[in-house]
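Presented below is the structure to which this report refers.
In each ligand, atom 1 is the first atom listed, and ligand 1 is the first ligand listed.
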Amino acid sequence: MKEFMQQTFAIIKPDAVAKNQIGDILAVTEAAGFKIRALRLTQMTRKQAEGFYGVHRERPFFGELVEFMTEGPCVLMCLEREDAVAKWRETMGATNPANAAEGTIRKHFAESVGRNCVHGSDSAENAAIELAYFFAGSSLS
Ligand code: CMP
């Protein structure tokens, strides 16, 4: 990876996959300047989802979140561009689609704060942790 590039971890969540929106979301992603460095369709196990969202374990919505993330397949991705973590969060829009800006993925595709169609790492540090969680052993350079 070139030194000015950054990688982030992204998920197209089960709501969007079920609605056949993978292609549309990938089109927005590529148009926003991201290179897709890794991509895998998978259905998370309960154990994987609980581990991934471990920081939210004490939140009232944790059970609902794990149910949702395991209800069907999702798309796991490594995205790369300059300033990828911040730019992907900008491209996704606010966590709650009701607060998401026009033109963002969540404004266009998300149903609610719980079923919000995409995930993105919130820091470079967490991007590295999350990429390692799902793409351990893959070459992402
Ligand atoms: P994500 O960015 O994947 O990481 C944490 C997730 O928790 C978040 O997206 C939302 O989908 C979910 N979440 C946050 N707040 C709520 C809430 N109030 N109710 C249900 N789910 C929530």
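- Protein heavy atom at the shortest distance from atom 6 (C) of ligand 1 is Leu65 CD1, 3.9 Å.
- Closest to atom 10 (C) of ligand 1, if we only count protein heavy atoms, is Val113 O, 3.3 Å.
- In the vicinity of His56, heavy-atom distances shorter than 4.0 Å reach the ligand 1 atoms 5 (C).
- For Glu71, the salt bridge (charged side-chain N to carboxylate O under 4.0 Å, His left out) partners at least two apart in sequence or on another chain are Arg115.
- Both Phe34 and Val118 are assigned to one and the same hydrophobic cluster, defined by single-linkage of ILVMFWY side chains at heavy-atom distances under 4.5 Å.
- Residue contact check: Gly114 has heavy atoms under 4.0 Å from atoms 11 (O), 20 (C), 21 (N) of ligand 1.
- Considering each of Glu64, Met92, His119, the one bringing a non-hydrogen atom nearest atom 2 (O) of ligand 1 is His119.
- Residue contacts with ligand 1 include Lys13, since one of its heavy atoms falls under 4.0 Å from the ligand.
- The side chain to side chain donor-acceptor pair (under 3.5 Å) check on Asp122 picks up Asn126, with sequence neighbours excluded.
- Taken together through direct or relayed side-chain contacts under 4.5 Å among Ile, Leu, Val, Met, Phe, Trp and Tyr, Ile12 and Tyr53 form parts of separate hydrophobic clusters.
- When the heavy-atom distances from atom 7 (O) of ligand 1 to Phe62, Phe61, Phe52, Phe68 are ranked, the shortest goes to Phe61.
- For the pair Arg40 and Phe135, the cation-pi test (distance below 6.0 Å, angle within 45°) is passed.
- Taking CG of Leu79 as the start and CD of Gln6 as the end, the distance is 11.5 Å to the nearest 0.5 Å.
- Heavy-atom separations between Tyr53 and ligand 1 include at least one value shorter than 4.0 Å.
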